[in-house]
Amino acid sequence: MNRIVLAYSGSLDGSAAISWLTEQYGAQVATVSLDVGQGRRLEDVRDRALALGAVRAHVIDARDEFASGFILPALQAGALYEGRYPLATALSLPLVARRLVEVGRIEKADAIAHGSRHANDSVRIETAARALEPGVRILAPAREWGMTRDQVLAYAKVRGIPLPAADSHYSIDMNLWGRSIEFGDIEDPWREPPEEIYELTKSPLEAPDTPAYVEIGFEQGVPVSINGVAMAPVELIQSLETIAGAHAVGRIDMVENWMVGIKSREVYEAPSAVVLHLAHRELQSLVAPRDLERLTHDLSVRYADLVYNGLWYTPTREAIDGLVATVQKRVTGTVRLKFFKGDCRAVGRKSPYALHAPPPRDGVSQDPSAAEGYMRNWGLPLETATRLASQIDPLDHD
């Protein structure tokens, strides 16, 4: 092969992959790095890639695209995997795959590659890439080389690849929508996660003793303001992360079903995601009829499964988006939330499309003369069934 394009985050495995791909395939390696809000200077990542032998290093600020094209649709669909995980990593990987394929075309690459050794993430990247470009050749060095973590460290040391300053025994991933922590000591589901693993949220013990009230404004299902101040999606998500995190809001501790069929203990920090999902759900429940609200809830489970399983680029997801977009036309209004020592709850909601109406001042909400007929018709099926049952077996109805 002449050229391979590698998705590169600056990790040890990715850094080793630059050398390994060059040696194994005799090809030039170009890298592509996306800023999806992980809090790292991508200029440093680019310089690192070039220093390790990459012939070109593409750096892309994808925060706005990630927020508008991936986070917001999932938020509007109510997509929480197994009712809790807001899918931060899973939502970013279809975007990574898209950019990887696009840069591969620009570079006229013979193959694309990624440095992930995580089973779920590998499936997500490769499935998305093949959906975008059927037949594309995908290389996964961390899967192909068969090296353990210690062997990768030794491989890197021999080749002068900079080693991590501190080799954490946790696996951590972070982007605009949240932070995930797995493996290490927390693999034991009985053990309480140590406070040291958290970065985005304060401990409830250290949170303020006074609650905070925050009002989030929505327009057609899109959060557009905090306390009346208009904000673009990226700014709004980052601001909410700071506010909610300071009040210990956003920690998730769960045993999760991986797509490969095993269970894993996962810890997440997702202050903005937790808050926005709650606010959106409260507002939508105010404006959507009961049957439509229940339908969207059922579809939210399916949507979350699609995202988690790497099936973003599918007709099914696009079809659900179409229905969700129709529902969002009335999801406009404001939700008032209360943060206090890790607790987040809605304490107020209003919308010009609210289906809730206060009772009239005289306390009469309907025509009393219509009530009797409604009650009789409502209970008629049960009354009929009981009458028939007593005729068949009267002993059961003394």
Side-chain angles (χ1 to χ4, degrees), residues 1-38 40 42-70 89-145 161 173 175-176 306-307 309-315 317-318:
M1 286 187 284
N2 294 316
R3 182 159 295 190
I4 300 169
V5 173
L6 170 69
Y8 181 63
S9 65
S11 68
L12 173 63
D13 283 339
S15 298
I18 296 176
S19 295
W20 189 87
L21 289 168
T22 302
E23 296 171 6
Q24 187 74 12
Y25 293 98
Q28 296 179 329
V29 176
T31 62
V32 55
S33 305
L34 269 64
D35 183 355
V36 287
Q38 60 268 52
R40 299 187 63 180
L42 289 194
E43 293 80 2
D44 296 339
V45 175
R46 178 185 58 205
D47 294 343
R48 183 185 180 100
L50 294 173
L52 293 172
V55 296
R56 197 165 6 254
H58 300 264
V59 171
I60 302 169
D61 185 346
R63 288 173 296 174
D64 289 334
E65 184 179 8
F66 180 42
S68 299
F70 295 83
T89 300
L91 282 168
S92 70
L93 294 179
L95 177 55
V96 171
R98 178 193 292 175
R99 292 303 195 196
L100 185 59
V101 167
E102 290 173 353
V103 173
R105 292 169 182 163
I106 293 171
E107 292 284 351
K108 296 181 172 54
D110 301 289
I112 59 175
H114 65 85
S116 175
R117 63 170 66 226
H118 193 291
N120 284 350
D121 293 348
S122 296
V123 171
R124 291 162 182 157
I125 294 174
E126 296 182 28
T127 301
R130 290 192 172 95
L132 294 166
E133 187 167 311
V136 64
R137 184 172 183 181
I138 305 173
L139 305 175
R143 185 170 66 232
E144 295 176 35
W145 63 36
I161 298 171
D173 185 74
N175 63 40
L176 188 65
L306 288 170
V307 175
N309 294 333
L311 301 174
W312 180 267
Y313 298 111
T314 58
R317 197 269 306 168
E318 293 174 358

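The residues of the chain are indexed from 1 along the displayed sequence. Keep in mind it's a predicted model, so treat the numbers as computed, not measured. Because only heavy atoms are used, hydrogens play no part in the values below, and waters and symmetry mates are left out as well, while side chains stay in.
Residue Gly115 comes nearest to Ala142 through the heavy atom pair O-CB, 3.8 Å, listed as atom of the first residue, atom of the second, then distance. The two residues Leu311 and Arg317 come nearest to each other via the heavy atoms O-CB, 4.2 Å. The shortest non-hydrogen separation linking Leu100 to Ala113 is CD2-O, 3.7 Å. The two residues Ala129 and Ile138 make their nearest non-hydrogen contact at CB-CD1, 3.9 Å.
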>> Quick one, Glu133 with Arg98, criterion salt bridge (charged side-chain N to carboxylate O under 4.0 Å, His left out). Give me CA distance, side-chain angles, the key distance, then yes/no.
In response: CA-CA 9 Å; Glu133 187 167 311; Arg98 178 193 292 175; over 6 Å; no
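Partners of Ala54 under the side-chain contact (heavy atoms from CB on, under 4.5 Å) rule, at least two apart in sequence or in another chain, are Thr31, Ala49.
Proximity of Trp145 to Gln24: side-chain heavy atoms (C-beta onward) are nowhere separated by under 4.5 Å. Between Ile161 and Ser19 there is a side-chain heavy-atom pair separated by less than 4.5 Å. In this structure the side chain of Arg63 never reaches within 4.5 angstrom of the side chain of Val36, judged on heavy atoms. Proximity of Ile4 to Gln28: side-chain heavy atoms (C-beta onward) are nowhere separated by under 4.5 Å. Looking only at side-chain heavy atoms (C-beta outward), Ile18 and Tyr8 come within less than 4.5 Å of each other. Contact annotation: the side chain of Val59 never approaches that of Asp35 to less than 4.5 Å [non-hydrogen atoms, C-beta and beyond].
Note that OG of Ser11 and CG of Asp173 are 10.0 Å apart. Values are rounded to the nearest 0.5 Å. Atoms CG and CD1, on Leu6 and Ile112 in that order, are 10.0 Å from each other to the nearest 0.5 Å. The line from CG of Leu176 to OG of Ser92 is 10.5 Å long, rounded to the nearest 0.5 Å. To the nearest 0.5 Å, atoms CH2 (Trp312) and CZ (Phe70) are separated by 6.0 Å. Here CG of Leu139 is found 4.5 Å from OH of Tyr25. Values are rounded to the nearest 0.5 Å. Atom CG of Leu42 is separated from atom OG of Ser9 by 10.0 Å, given to the nearest 0.5 angstrom.
A salt bridge is defined here as a Lys NZ or Arg NE, NH1 or NH2 lying under 4.0 Å from an Asp or Glu carboxylate O, and Asp13 with Arg117 meets this definition.
With hydrogens and angles ignored, the 3.5 Å screen pairs no side-chain donor or acceptor of Asn175 with any backbone N or O of Gly37. With hydrogens and angles disregarded, a donor-acceptor distance shorter than 3.5 Å links the side chain of Asp110 to the backbone of Arg3. Side chain of Gln38 to main chain of Leu34: a donor-acceptor pair is present (N/O by atom type, distance under 3.5 Å, no hydrogens or angles).
The residue from Val55, Leu52, Leu21, Val5 that alone fulfils the side chain to side chain contact (heavy atoms under 4.5 Å, CB included) condition with Val29 is Leu21. Considering Arg46, Glu107, Arg99 as possible partners of His58, the one that fulfils the side chain to side chain contact (heavy atoms under 4.5 Å, CB included) test is Glu107.
Contacts classified as ring-ring contact (aromatic ring centres under 6.0 Å, His included) and involving residues 113-135 (residues at least two apart or in different chains) are given here: His118-Trp258. Applying the salt bridge (Lys or Arg N to Asp or Glu O under 4.0 Å) definition to pairs two or more places apart or across chains, those involving residues 19-28 are Glu23-Arg159.
The closest side-chain donor-acceptor pair between Thr127 and Tyr313, if any, does not fall under 3.5 angstrom.
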